[in-house]
Asks: 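Take this structure first; my questions come after.
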Amino acid sequence: QVQLVESGGGSVKAGGSLRLTCSASRGTTCMAWFRQAPGKQRERVANISPGGSETYYADSVKGRFTISIDNAMRTISLQMDNLKPEDTATYYCAAGSSYYDRICQSIQSWGRGTQVTVSS
């Protein structure tokens with residue numbers, strides 16, 4: 001059971017940037033970012049493959065967000081540029097135990113979340 005801790009959330013104006021970071025207590029197979037806004041379903045934002053060579057992005061963030069991971073597979077970042085009010089949500093880090101079809105599968109652990117608020 002891996003423990004995950006997110007950081008880097010905050011409040012910004014539309015068009016601004018934030019960088020989220022998630023630190024894991026041990027190495028993982030793959031890692032992902034999800035988000036959930038009030039009244040909305042949890043959404044997979046991005047994930048990254050073992051070794052960090054392959055990434056996935058939701059259509060809603062493609063071209064604006066970038067996920068990266070360190071060589072130890074313990075720390076991921078989500079660089080969020082050109083933020084929009086609809087990006088407002090609690091962002092959760094997740095760790096999975098399998099990877100295929102460009103998706104980090106079998107989520108085993110969740111962070112407690114970090115709040116991102118984007119004002120117009």
Side-chain angles (χ1 to χ4, degrees):
Q1 194 84 357
V2 61
Q3 294 176 316
L4 305 172
V5 180
E6 306 98 335
S7 62
S11 298
V12 297
K13 292 183 177 180
S17 297
L18 286 172
R19 186 177 180 88
L20 306 182
T21 299
C22 174
S23 297
S25 59
R26 60 174 174 82
T28 63
T29 298
C30 56
M31 298 181 76
W33 288 98
F34 292 78
R35 68 185 181 187
Q36 188 165 25
K40 301 287 187 179
Q41 272 195 313
R42 184 182 62 191
E43 175 187 23
R44 183 185 293 265
V45 175
N47 63 218
I48 195 160
S49 66
S53 63
E54 192 171 67
T55 57
Y56 161 86
Y57 298 97
D59 287 344
S60 58
V61 307
K62 196 172 297 181
R64 300 187 297 118
F65 291 11
T66 304
I67 189 171
S68 60
I69 194 164
D70 71 341
N71 291 335
M73 301 291 290
R74 287 188 61 181
T75 302
I76 55 167
S77 296
L78 187 69
Q79 178 67 41
M80 305 185 295
D81 296 321
N82 192 24
L83 284 161
K84 302 175 180 180
E86 50 263 45
D87 295 318
T88 295
T90 301
Y91 284 70
Y92 297 92
C93 180
S97 61
S98 63
Y99 178 87
Y100 56 90
D101 292 337
R102 296 177 60 219
I103 299 296
C104 186
Q105 310 273 353
S106 303
I107 300 299
Q108 300 291 305
S109 300
W110 294 91
R112 291 178 177 175
T114 186
Q115 181 66 38
V116 172
T117 302
V118 184
S119 60
S120 59

Asks: Any donor-acceptor pair under 3.5 Å linking the side chain of Q115 with the backbone of G113?
Replies: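 No: the side chain of Q115 does not pair with the backbone of G113.
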Asks: Backbone N or O of G9 within a donor-acceptor pair of the T114 side chain at under 3.5 Å?
Replies: yes
Asks: Quick check against the 3.5 Å criterion: does E6 have a side-chain atom that pairs as donor or acceptor with the backbone of C93?
Replies: yes
Asks: Is a side-chain donor or acceptor of Q36 paired with a backbone partner of Q41 at a separation under 3.5 angstrom?
Replies: no
Asks: Does a side-chain heavy-atom distance below 4.5 Å link R74 with S23?
Replies: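 No - every pair of side-chain heavy atoms lies 4.5 Å or more apart.
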Asks: Compute whether any side-chain donor of one residue and acceptor of the other, for S60 and E43, lie under 3.5 angstrom apart.
Replies: yes
Asks: To the nearest 0.5 Å, what is the distance between OG on S120 and NZ on K13?
Replies: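 One finds 10.0 Å between OG of S120 and NZ of K13.
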Asks: Do R42 and Y92 come close enough that some side-chain heavy atom pair is under 4.5 Å?
Replies: no
Asks: Just jot down the ring-ring contact (aromatic ring centres under 6.0 Å, His included) partners of F34, sequence neighbours excluded, or say none.
Replies: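 Applying ring-ring contact (aromatic ring centres under 6.0 Å, His included) to F34 gives W110.
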Asks: Charged N to carboxylate O under 4.0 angstrom, K62 versus D59?
Replies: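 Salt bridge present between K62 and D59.
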Asks: Tracing side-chain links under 4.5 Å among I, L, V, M, F, W and Y, which residues wind up in one group with I69?
Replies: V2, L4, V12, L18, L20, M31, W33, V45, I48, Y57, V61, F65, I67, M73, I76, L78, M80, L83, Y91, V116, V118
Asks: So, do K40 and R35 sit near enough that their side-chain heavy atoms are less than 4.5 Å apart?
Replies: no
Asks: Any side-chain donor-acceptor pair under 3.5 Å between S98 and S106?
Replies: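 Looking only at side-chain atoms, S106 and S98 do form a donor-acceptor pair, the distance falling under 3.5 Å.
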Asks: Could you list all the disulfide (SG to SG under 2.5 Å) pairs where at least one residue sits in residues 27-85, not counting sequence neighbours?
Replies: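 Residue pairs passing disulfide (SG to SG under 2.5 Å), neighbours aside: C30-C104.
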Asks: Between CG of D81 and CD of Q79, what distance do you get to the nearest 0.5 Å?
Replies: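 The distance works out to 4.5 Å.
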Asks: Counting only heavy atoms not in Q3, do more than 12 fall under 6.0 Å of its CD?
Replies: no
